[in-house]
Amino acid sequence: MAFALQDFENPNLSPTSPAEDSDTAPMYPIPEPEPIPGLHGVPVRWYDADRTEPYTKIVPFQEKHDTSVEFFYKPVTLSALGVGLIVLAYVATTQDVLEEGQDKRRVGTYAAAASFLMFSMIQFRDGPFIRPHPAFWRVVLGINLLYELALVFLLFQDLDSARSMMTYLDPNLGVPLPEKNYAEDCALTPKNIWNALDIFCLAHTLGWFGKAMILRDYWFCWILSIAFELAEYSLQHQLANFAECWWDHWILDVLVCNWLGTYLGMKVCQYLEVKPYEWRGIRQTRGLRSKARRVLSQFSPHDFTAFKWGTATDFTHFFSVVLLLSVFLAAELNPFYLKTLLWMEPDHPFVISRLAFVFLWALPAVRELSQYISDPRKAVRMGQHVWLLLATIVTELLVIKKWSKGMFEPFPRNVKWGWTIGVTLLVSYTIIQFALPEVRKYVSNQKNRPRAKAS
């Protein structure tokens with residue numbers, strides 16, 4: 001009926017042709033109002049932009065205003081590129097800039113690493129932390145990637161070639177070192193206990209303080225502490241410095257150093273969890289003392305999240321926790337094998353640097369893993385820090401496995417039986433805790449299901 005009316009009014013128009021404008025319509029189109037710039041009339045500045053990535057809850061540059069110095073939150077990619085190229089050209093064309101300037105390979109390696117880290121600082125994605133600055137954590141990720149690439153390179157070398165290459169970085173390396181045995185006199189006397197107190201006790205305490213800050217869970221730290229001591233018992237036939245007295249294992253290490261570090265670390269976590277956070281820019285802070293306190297607070301967390309691992313809630317959480325503890329245990333054992341194979345002292349700067357950087361790598365990695373487990377709807381893929389750290393630890397294991405052929409004694413029978421019993425208990429707990437309830441639930445549903453009437 002509508003088409004018929006259109007044909008009656010204007011027979012020259014087809015049913016699908018648009019009708020002409022009526023006489024009452026204006027001869028000129030009404031101009032649309034110009035859009036108001038900004039958001040609801042408020043101009044949008046660069047630091048107000050929403051940079052939230054869809055697969056994670058990470059919000060880079062969360063602060064809406066300057067934190068300590070506003071300059072450090074402005075994009076300076078071209079300026080950094082220009083300055084970096086000028087420094088690179090100056091060092092490359094000058095012979096007397098560095099003391100080791102004659103060693104072209106060493107200086108070239110350092111320059112390549114510095115160039116890569118500058119690129120990572122500018123162009124890598126932001127991680128979960130924004131203190132003291134997102135660029136700091138981008139550099140941390142870049143160092144992790146450089147270490148992973150170095151491990152991949154070493155994976156294709158034999159042990160003698162690797163030892164020779166390490167002398168390019170430190171000429172003092174390449175010399176066999178005797179392993180120290182801590183189980184020569186195991187009598188529980190004040191003299192022996194005093195002799196066992198060395199710098200490594202402080203290292204134990206600091207290490208477990210760091211692990212508590214990373215894991216943020218008492219039970220995890222205790223399980224990992226006991227598991228490491230059991231691993232030392234299992235591997236003391238391969239590494240002489242793992243042979244310790246019983247009181248050194250369980251009293252000095254577990255009950256004193258490990259407990260003290262874990263306790264202090266968890267206390268700091270509890271303080272940061274309940275601490276009120278109120279961030280103001282340095283321009284909003286009055287007084288020289290308040291401004292100095294605000295600058296120092298830039299190196300403290302922006303906020304703090306307590307991890308809820310939910311180990312026994314479902315199989316996914318349980319498997320993730322077991323995997324996390326296994327990776328932590330491997331990360332603890334790997335440096336002992338690497339320093340033994342490459343002939344490094346325990347206090348060598350390379351060994352200490354590796355331990356320090358693993359701590360820095362693990363901080364954002366475990367944060368991303370916790371988010372990946374707890375909120376899979378928003379974190380639909382694993383974060384870059386945890387992915388790269390997992391690859392690093394596994395690559396270290398591959399390097400150790402390759403270089404250890406013919407270097408260490410095989411596992412004794414009692415060690416094999418001990419680990420077999422442990423794995424059996426772990427698998428049995430998994431079946432009882434997660435598999436059997438699912439089977440009972442399925443059988444109960446089948447019983448309660450109404451049966452179809454026979455035809």
Side-chain angles (χ1 to χ4, degrees), residues 176-212 215 218-266 325-326 328-348 351-352 354-356 358-359 396-397 400 404 407-423 425-426:
L177 299 175
E179 286 282 355
K180 183 179 179 180
N181 192 321
Y182 294 90
E184 296 177 353
D185 185 7
C186 289
L188 186 58
T189 61
K191 180 180 179 181
N192 289 339
I193 296 177
W194 178 258
N195 292 333
L197 297 175
D198 51 16
I199 190 63
F200 296 107
C201 293
L202 178 61
H204 267 279
T205 305
L206 291 178
W208 283 98
F209 176 84
K211 294 183 187 69
L215 295 173
Y218 266 116
W219 282 103
F220 280 11
C221 292
W222 276 112
I223 293 172
L224 191 61
S225 176
I226 296 174
F228 182 78
E229 299 302 326
L230 295 177
E232 283 189 332
Y233 275 114
S234 305
L235 301 173
Q236 62 185 1
H237 65 283
Q238 295 182 350
L239 301 177
N241 59 342
F242 277 178
E244 300 176 350
C245 300
W246 66 268
W247 49 265
D248 198 350
H249 277 292
W250 303 109
I251 298 179
L252 197 59
D253 286 351
V254 175
L255 297 180
V256 177
C257 298
N258 299 357
W259 173 82
L260 180 61
T262 302
Y263 176 79
L264 295 177
M266 291 303 301
L325 295 179
S326 301
F328 254 84
L329 186 60
E332 288 287 311
L333 297 174
N334 286 350
F336 290 95
Y337 278 94
L338 290 174
K339 73 179 183 64
T340 300
L341 292 169
L342 295 176
W343 295 339
M344 293 184 184
E345 291 282 0
D347 56 350
H348 194 276
V351 179
I352 298 176
R354 190 266 181 193
L355 297 175
V358 166
F359 168 72
E396 283 184 341
L397 289 173
I400 294 171
S404 298
M407 296 293 297
F408 301 112
E409 299 179 3
F411 286 92
R413 181 178 298 179
N414 58 340
V415 174
K416 294 180 180 179
W417 275 109
W419 282 105
T420 302
I421 295 173
V423 172
L425 292 176
L426 181 63

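The residues of the chain are indexed from 1 along the displayed sequence. These numbers come from the heavy atoms of this one structure, side chains and all, not from hydrogens, waters or symmetry mates. Since we're looking at a predicted model, the values are computed, not measured.
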message: Are the side chains of Met407 and Thr340 in contact, using a 4.5 Å heavy-atom criterion?
response: no
Separation between CG (Leu355) and CG (Leu206), nearest 0.5 Å, reads 11.5 Å
Sorted by chain and number, sequence neighbours left out, disulfide (SG to SG under 2.5 Å) with Cys257 holds for none
Checklist entry - With ring centroids as reference points, do Phe411 and His237 lie under 6.0 angstrom apart? => result yes
For His348 and Lys339: C-alpha separation, side-chain torsions, deciding distance, then whether side chain to side chain contact (heavy atoms under 4.5 Å, CB included) applies. CA-CA 9 Å; His348 194 276; Lys339 73 179 183 64; over 6 Å; no
Heavy-atom count check: over 12 atoms from other residues, nucleotides or ligands less than 6.0 Å from Trp417 CH2?
no
Original post:
Under 6.0 Å between ring centres, would you say that holds for Phe328 and Phe220?
Top reply: no
Between the CH2 atom in Trp250 and the CD atom in Glu244, the distance rounded to the nearest 0.5 Å is 11.0 Å
- Item | Check: Cys221 main-chain N/O paired with Ser225 side-chain donor or acceptor under 3.5 Å | no
Applying side chain to side chain contact (heavy atoms under 4.5 Å, CB included) to Met266 and not counting sequence neighbours gives Ala212, Tyr218, Thr262
*Report yes if some heavy atom in the side chain of Trp259 is under 4.5 Å from a heavy atom in the side chain of Val254; otherwise report no.*
no
What one should report as the nearest heavy-atom pair of Glu345 and Val351 is O-CG2, 3.6 Å
Looking only at heavy atoms, the pair that brings Ser234 and Trp419 closest together is OG-NE1, 2.8 Å
When rounded to the nearest 0.5 Å, the distance separating OH of Tyr233 from CH2 of Trp246 is 9.0 Å
Between the CD atom in Glu409 and the CD atom in Gln238, the distance rounded to the nearest 0.5 Å is 8.0 Å
Exercise. Got Leu341 and Ser404 here, is their nearest side-chain heavy-atom distance under 4.5 Å?
Worked result: yes
query = Would Leu425 and Ile421 satisfy side chain to side chain contact (heavy atoms under 4.5 Å, CB included), going step by step from the backbone distance to the final call?
reply = CA-CA 6 Å; Leu425 292 176; Ile421 295 173; 4.2 Å; yes
Separation between CG (Leu333) and CD1 (Ile400), nearest 0.5 Å, reads 8.5 Å
Check your understanding: Between the side chain of Asn192 and the main-chain N/O of Leu188, is any donor-acceptor distance below 3.5 Å?
Key -> no
Distance col, row Trp222:CH2 vs Ile226:CD1, nearest 0.5 angstrom, shows 7.0 Å
So the side-chain hydrogen bond (donor to acceptor under 3.5 Å, both in side chains) pairs with at least one residue in residues 201-211 (sequence neighbours excluded) are Trp208-Asn258, Lys211-Glu332
Of all heavy-atom pairs linking Leu252 and Cys201, the shortest is CD2-SG, 4.2 Å
In terms of heavy-atom contacts, Leu325 and Leu224 come closest through O-CD1, 3.8 Å
Minimal heavy-atom distance between Ile352 and Pro346, with the atoms involved, is CG1-O, 4.4 Å
### Query
Does the pair Tyr337 and Glu396 meet the rule for a side-chain hydrogen bond (donor to acceptor under 3.5 Å, both in side chains), with working shown?
CA-CA 10 Å; Tyr337 278 94; Glu396 283 184 341; over 6 Å; no
